Amino acid sequence: MQGKNIFATRWGIIGVGAVIGILAPVLQKLGNPGNMGICVACFERDIAGALGLHRAAVVQYIRPEIIGFVLGSMIAAYIFKEYRPRVGSAPIVRFVLGAFAMIGALVFLGCPWRAVLRLAGGDGNAILGLLGLTFGIWIGTLFLKNGYNLGRTHTTHTTVGWMLPLIMLGFLVLMLIFPQVEGQDKSGVLFYSLKGPGAMHAPLLLALIVGLGIGFLAQRSRFCTMGAIRDTVLFGQMHLLIGFISLIVFAFLTNLILGQFKPGFAGQPVAHTMHTWNFAGMTLAGLAFALAGGCPGRQMFLSGEGDGDAALFVLGMIVGAGFAHNFGLASSPKGVGPYGIAAVVIGLLVCVFIGFTMRKKIA
Amino acid sequence: MATTVDARGLSCPQPVIMTLDEIKTGKDKDIIVLVDTGTSKENVMRAAASQGCQINEVSPEGEGYRITITRG
């Protein structure tokens, strides 16, 4: 199956954007939180909560969509002979970038996917987030133009590439062994939210199937929200951007049909109106994604095809979510957390340090 | 003579940056780009085509691909 990859064509990427754009609002209709049919950052944060890495009681749930993303991508990679275990391209830097990307995303309250889903649901605050995301990615392109790179990976054992998919499988098994019990905030080792976004979720099996499907399609199409903006800014190449725009258009239409489009700034679900910090949070996230070479969704799809460095970015995000809630860095509908602003400043400094200092010539 | 750009093991967008650099500043008519993922292969081909270059051949090489480009 090495023929032409139709998913990587223009219509392919438009189709994949459309599928995600339709399925995300549908997942919301089926129980996921408002304008959060899919949010890679929020869902990884919920997983961190379910595992007890933070104790914010309102955001604790193992999200099957995330498990599906990684496993769906792995299935596609194996079917199309693209599974290639690789590792060794600045792994610890990827972990740190993942952690700060998550902190930035949680100051805004969403990853790039949710930023456009929020926009498609009528949340005007998302505009600030998307502007910040674009600004952060633009800063990243300046580093890329000046020789920033993460160095080369090398081929490794098949098992190395299996680690994150196996961890995800482990999460699924934990969910099945310790299922949610009505009215209880803990089942076995797992925490479950009784109220708040963590208590809102689509049925497990449906969420998992949608996750698997999107993981499969995204692996084939190389769908990447950060790459969409980066390639446009850096090369004038709009291939990925067309997919990203397709997602917005179809999510908007689906929200209209489902009665989920509610325009405005105040009172939007899981959102705050502090414009400066919506912008700055996503600037940090955008810069971290650009330096790490992919949006949070893309990092999971890369992990599924054997990229052990992308897997570390994903783990960095989950650990970062733990810090974000334990340290009061994450925002809430009331506004930024007590130390959120400081964390954004530190995160930006760390990213700039990485961008300036990792410019060694590629051997 | 052909110049070889070895972009194996490099993540997005390095293979494209290196290919475009060679297309814009190199002298040889033919450019051979070595990549190791399907994504990089597609990205390099798309970038080369956008510069008016011709993709002459794409063949498997080792665990990746060898892309032969002729400057437009």
Side-chain angles (χ1 to χ4, degrees), chain A residues 2 4-5 7-10 12-13 76-77 80-90 94 140-141 144-145 147-155 219-222 224 226-227 230-231 233-240 290-294 298-299 301-302 305-307 309-310 313 362-363, chain B residues 2-28 30-72:
Chain A
Q2 288 277 20
K4 189 165 168 58
N5 178 6
F7 294 103
T9 60
R10 172 165 292 197
I13 197 88
F80 292 93
K81 296 189 170 58
E82 288 195 338
Y83 180 80
R84 225 183 56 75
R86 53 196 191 269
V87 78
S89 161
R94 309 239 192 183
T141 64
L144 287 165
K145 279 182 186 166
Y148 165 81
N149 70 86
L150 290 157
R152 287 183 202 272
T153 57
H154 57 81
T155 305
Q219 194 281 333
R220 298 308 299 144
S221 64
R222 336 304 190 188
C224 177
M226 185 284 295
R230 179 200 63 204
D231 289 358
V233 174
L234 196 56
F235 311 125
Q237 172 64 256
M238 294 170 74
H239 173 75
L240 290 171
L291 293 178
R298 180 78 186 137
Q299 302 283 353
F301 310 134
L302 284 169
E305 59 181 63
D307 187 336
D309 297 321
F313 185 93
I362 300 161
Chain B
T3 307
T4 301
V5 174
D6 185 359
R8 289 173 296 186
L10 294 170
S11 42
C12 275
Q14 294 302 327
V16 172
I17 291 179
M18 291 166 74
T19 306
L20 290 180
D21 266 0
E22 185 54 39
I23 289 172
K24 285 172 184 161
T25 62
K27 291 186 177 64
D28 291 333
D30 289 333
I31 303 163
I32 294 165
V33 186
L34 303 174
V35 294
D36 61 347
T37 63
T39 308
S40 295
K41 179 188 72 173
E42 291 156 11
N43 290 344
V44 165
M45 288 167 63
R46 205 177 286 124
S50 75
Q51 298 297 308
C53 297
Q54 207 174 352
I55 316 287
N56 286 328
E57 198 191 354
V58 182
S59 54
E61 173 156 314
E63 291 188 7
Y65 307 90
R66 168 202 271 279
I67 307 163
T68 312
I69 299 166
T70 301
R71 216 181 286 276

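A, B, ... follow the sequence lines: proteins, then strands. Residue 1 opens every chain. Note that the structure is a prediction, hence the values are computed from the model and not measured.
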Against chain B, work out which of A:Arg230, A:Glu305, A:Arg86, A:His154 has the most heavy-atom pairs shorter than 4.5 Å and name it.
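Ranked by heavy-atom pairs under 4.5 Å with chain B, first place is A:Arg230.
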Pick whichever of A:Thr155, A:Thr153, A:Asp231 has the most heavy-atom pairs under 4.5 Å with chain B.
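Top option by heavy-atom pairs under 4.5 Å: A:Thr153.
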Per-residue contact mode, A:Leu234 against chain B (heavy atom under 4.5 angstrom):
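Just the side chain, heavy atoms under 4.5 Å.
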Could you tell me which portion of A:Leu144 (side chain, backbone, both or neither) has an atom closer than 4.5 angstrom to a non-hydrogen atom of chain B?
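A:Leu144 touches chain B through backbone and side-chain heavy atoms alike.
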Quick check: do [X] and [Y] have side-chain heavy atoms less than 4.5 Å from each other?
X        : Y       : result
A:Asn5   : B:Lys41 : no
A:Phe235 : B:Pro13 : yes
A:Arg152 : B:Asp6  : yes

To the closest 0.5 Å, what do you measure between [atom1] ([X]) and [atom2] ([Y])?
X        : Y        : atom1 : atom2 : answer
A:Gln219 : B:Thr39  : CD    : OG1   : 7.0 Å
B:Arg46  : A:His239 : CZ    : NE2   : 3.5 Å
B:Cys12  : A:Leu240 : SG    : CG    : 8.0 Å

Just by modelled atom types, is the A:Tyr148 backbone N or O under 3.5 Å from a matching donor or acceptor in the B:Gln14 side chain?
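Judged by distance alone, yes, a pair lies under 3.5 Å.
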Please flag which part of B:Glu63 lies under 4.5 Å from any non-hydrogen atom of chain A: side chain, backbone, both or neither.
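For B:Glu63, heavy atoms of backbone and side chain both lie under 4.5 Å from chain A.
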So which part of B:Asn43 gets closer than 4.5 Å to some heavy atom of chain A, the side chain, the backbone, both or neither?
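For B:Asn43, neither part sits under 4.5 Å from chain A.
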For a quick test of reading the model, state the closest non-hydrogen atom pair linking B:Glu42 to A:Ala8 and the distance between them.
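Heavy-atom minimum between the residues: OE1-CB, 3.3 Å.
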Dump the intermediate steps for side chain to side chain donor-acceptor pair (under 3.5 Å) on A:Arg222 and B:Thr37, then the final yes or no.
CA-CA 11 Å; A:Arg222 336 304 190 188; B:Thr37 63; over 6 Å; no
Could you check B:Ser11 against A:Arg94 for side-chain contact (heavy atoms from CB on, under 4.5 Å), going step by step and ending with a plain yes or no?
CA-CA 12 Å; B:Ser11 42; A:Arg94 309 239 192 183; 3.6 Å; yes
